[in-house]
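Heads up: the structure comes next, in structure tokens.
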Protein chains: 2
Amino acid sequence: MKHKDILNKLRTSGLRPTKQRVEIAKFLFDREKTFHFTVESLNKLLLKKITTKFALATIYNTIHAFKKAGHLNKVEVRGKRSYFDTNITNHHHFYDSDTSELIDIDVKDVIIQKLPKAPNGKKIKNVEVFINLKN
Amino acid sequence: MKHKDILNKLRTSGLRPTKQRVEIAKFLFDREKTFHFTVESLNKLLLKKITTKFALATIYNTIHAFKKAGHLNKVEVRGKRSYFDTNITNHHHFYDSDTSELIDIDVKDVIIQKLPKAPNGKKIKNVEVFINLKN
DNA sequence: TTTCACTTTAGAATTATTATAAACTAGAAT
DNA sequence: ATTCTAGTTTATAATAATTCTAAAGTGAAA
């Protein structure tokens with residue numbers, strides 16, 4: 001993803017392309033594979049690049065703005081901190097509690113044959129399958 | 001569940017039947033249906049009964065002891081606080097984010113036809129299906 | 001270039017949970 | 001029954017993730 005595309009991505013999302021946002025967007029979206037991170041891990045990774053100064057709150061702000069704009073998925077897992085996922089298609093997860101690692105599962109790899117119907121007045125928004133791993 | 005049974009349940013779990021534990025155990029397990037709660041909601045409900053004085057820490061301690069003994073399931077949901085579930089059989093959940101309510105789904109009501117295999121060296125511990133609801 | 005709404009920032013505030021250390025207590029030993 | 005002790009409870013402090021706040025900074029429209 002080129003610099004121009006990043007700027008465009010931000011602008012079309014109604015986000016002013018500030019230095020911080022551009023840096024974070026490049027870091028997150030300029031990659032082949034899907035990327036899972038927590039605010040803490042992202043902060044550490046960004047610190048190594050030092051190109052721009054980031055307050056922790058800015059990372060929170062930016063991540064939430066990206067989330068709101070639909071560029072990130074929030075994945076809440078057992079435990080305290082939230083994970084974010086650059087894969088915004090509908091998908092499922094393996095979770096390895098030993099390493100606290102999330103691994104994407106393509107929707108195609110999970111086929112659900114039977115689901116209960118939603119309680120009265122409610123509809124199903126989405127179905128998340130969470131596969132916990134052990135050794 | 002009679003008083004004696006509660007005492008027994010505690011003792012066989014290696015938990016000394018203190019006033020607090022007995023009260024909490026009665027409140028949690030002396031009911032027909034499965035019961036979902038957070039530490040906060042449980043605390044509020046117990047406060048209404050005032051029979052015994054409970055420190056918040058005691059509720060945490062007790063709930064964790066019950067969890068450890070296998071009398072409660074911990075269900076971690078999007079958001080901050082953890083839910084506990086008196087249904088300790090394997091099962092799935094509806095989650096209604098409007099009301100922050102969890103609803104049990106029997107394992108029989110979800111049939112999964114296809115699952116990916118676990119990453120190398122890992123095994124599947126369990127599969128949780130989480131159905132998010134909307135109106 | 002000026003202006004201003006949107007952003008960033010540092011630090012304080014909040015919230016859920018865990019840790020601590022002193023006071024308490026169930027039940028075994030005397 | 002009384003004493004003893006390890007397991008518990010308690011109030012409070014500590015921790016950790018996240019959100020809030022208010023002041024300073026900055027894109028970009030005019």
Side-chain angles (χ1 to χ4, degrees), chain A residues 3-4 6-25 27 36-44 46-47 49-69 71-72 74-84 100 102, chain B residues 3-4 6-25 27 36-44 46-47 49-69 71-72 74-84 100 102:
Chain A
H3 188 76
K4 277 236 166 162
I6 293 286
L7 295 189
N8 222 44
K9 183 170 195 157
L10 290 173
R11 270 195 259 266
T12 55
S13 312
L15 298 170
R16 207 148 71 184
T18 62
K19 277 179 293 183
Q20 292 83 345
R21 283 176 177 166
V22 172
E23 287 275 348
I24 295 178
F27 187 78
H36 286 112
F37 61 95
T38 63
V39 169
E40 192 197 13
S41 70
L42 177 60
N43 189 33
K44 277 186 189 158
L46 287 172
L47 279 176
K49 309 191 80 195
I50 327 175
T51 333
T52 309
K53 198 187 166 197
F54 296 97
L56 186 57
T58 300
I59 299 190
Y60 276 99
N61 290 342
T62 305
I63 293 312
H64 288 153
F66 289 174
K67 166 78 193 345
K68 203 168 176 182
H71 302 315
L72 288 175
K74 192 172 189 181
V75 188
E76 265 158 300
V77 196
R78 21 189 78 270
K80 287 161 195 173
R81 57 194 70 167
S82 296
Y83 286 72
F84 291 87
S100 297
L102 269 184
Chain B
H3 187 77
K4 276 237 164 162
I6 294 285
L7 295 190
N8 222 44
K9 184 170 196 157
L10 290 173
R11 268 195 259 264
T12 56
S13 311
L15 298 171
R16 205 147 73 184
T18 62
K19 275 180 293 183
Q20 292 83 343
R21 284 176 176 164
V22 171
E23 286 276 348
I24 295 176
F27 187 78
H36 287 111
F37 61 95
T38 63
V39 168
E40 192 197 12
S41 70
L42 178 61
N43 190 32
K44 277 187 190 156
L46 287 173
L47 279 176
K49 308 191 79 193
I50 328 174
T51 333
T52 308
K53 199 182 164 200
F54 296 96
L56 186 57
T58 299
I59 299 188
Y60 275 98
N61 289 342
T62 304
I63 293 313
H64 288 152
F66 288 174
K67 166 79 190 352
K68 204 169 178 185
H71 303 315
L72 289 174
K74 193 174 187 177
V75 188
E76 265 158 302
V77 196
R78 19 190 80 269
K80 286 161 198 173
R81 58 193 73 169
S82 296
Y83 286 74
F84 291 86
S100 298
L102 270 185

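Chain naming here is simple, since letters A, B, ... match the order of the sequence lines and numbering starts at 1 in each.
At whole-Å resolution of the value, CD in B:E23 and P in D:dT10 are 11 Å apart. Look at CG on B:L15: it is 6 Å from P on D:dT8, rounded to the nearest Å. Following rounding to the nearest Å, B:L7 (CG) and C:dA26 (P) show an atom-to-atom distance of 12 Å. With rounding to whole Å, B:I59 atom CD1 is found 16 Å from D:dT12 atom P. Per the geometry, CD1 belonging to A:I63 stands 15 Å off C1' belonging to C:dT8, to the nearest Å. The distance from atom CZ of B:R21 to atom C1' of D:dT8 is 6 Å, rounded to the nearest whole Å. At whole-Å resolution of the value, CG in A:L10 and P in C:dC6 are 16 Å apart. The distance from atom CD of B:E40 to atom P of C:dT14 is 16 Å, rounded to the nearest whole Å.
Counting heavy atoms from C-beta outward, A:F66 and A:L10 have side chains that approach closer than 4.5 Å. The shortest side-chain heavy-atom distance between A:F84 and A:L42 does not fall under the 4.5 Å cut-off.
In this model, the phosphate group of C:dT7 is not approached by any side-chain N or O of A:T58 to a distance below 4.0 Å at OP1 or OP2. At the phosphate of C:dT18, neither OP1 nor OP2 sits under 4.0 Å from any side-chain N or O atom of B:Y60. Phosphate proximity of D:dT18 to A:H64: absent, as no side-chain N or O sits under 4.0 Å from OP1 or OP2. Taking side-chain N and O atoms only, A:S82 has no distance below 4.0 Å to OP1 or OP2 of D:dA17. Within the structure, a side-chain polar atom (N or O) of B:Q20 is placed less than 4.0 Å from OP1 or OP2 of D:dT10.
Closest of all the heavy-atom pairs between A:L15 and A:A65 is CD2-CB, 3.8 Å.
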>> Generate the contact string for nucleotides 25-30 of chain D. Rules: B means base contact, S means sugar-phosphate contact only, - means no protein heavy atom under 4.0 Å.
In response: -BBS--
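The OG1 atom of A:T58 lies 11.0 Å from the NZ atom of A:K19; values are rounded to the nearest 0.5 Å.
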>> For A:F54 and A:I24: C-alpha separation, side-chain torsions, deciding distance, then whether side chain to side chain contact (heavy atoms under 4.5 Å, CB included) applies.
In response: CA-CA 10 Å; A:F54 296 97; A:I24 295 178; 3.7 Å; yes
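Judged as a side chain to side chain donor-acceptor pair (under 3.5 Å), and not counting sequence neighbours, the contacts of A:H71 are A:S13.
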Please write out each protein N/O paired with an N/O of nucleotides 10-13 of chain C under 3.5 Å, distance rounded to 0.1 Å.
unit_1, atom_1, unit_2, atom_2, d
C:dA10, OP1, A:K53, NZ, 2.5

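With hydrogens and angles ignored, the 3.5 Å screen pairs no side-chain donor or acceptor of A:R21 with any backbone N or O of A:T62. In this structure, the side chain of A:T12 engages the main chain of A:N8 through a donor-acceptor pair within 3.5 Å.
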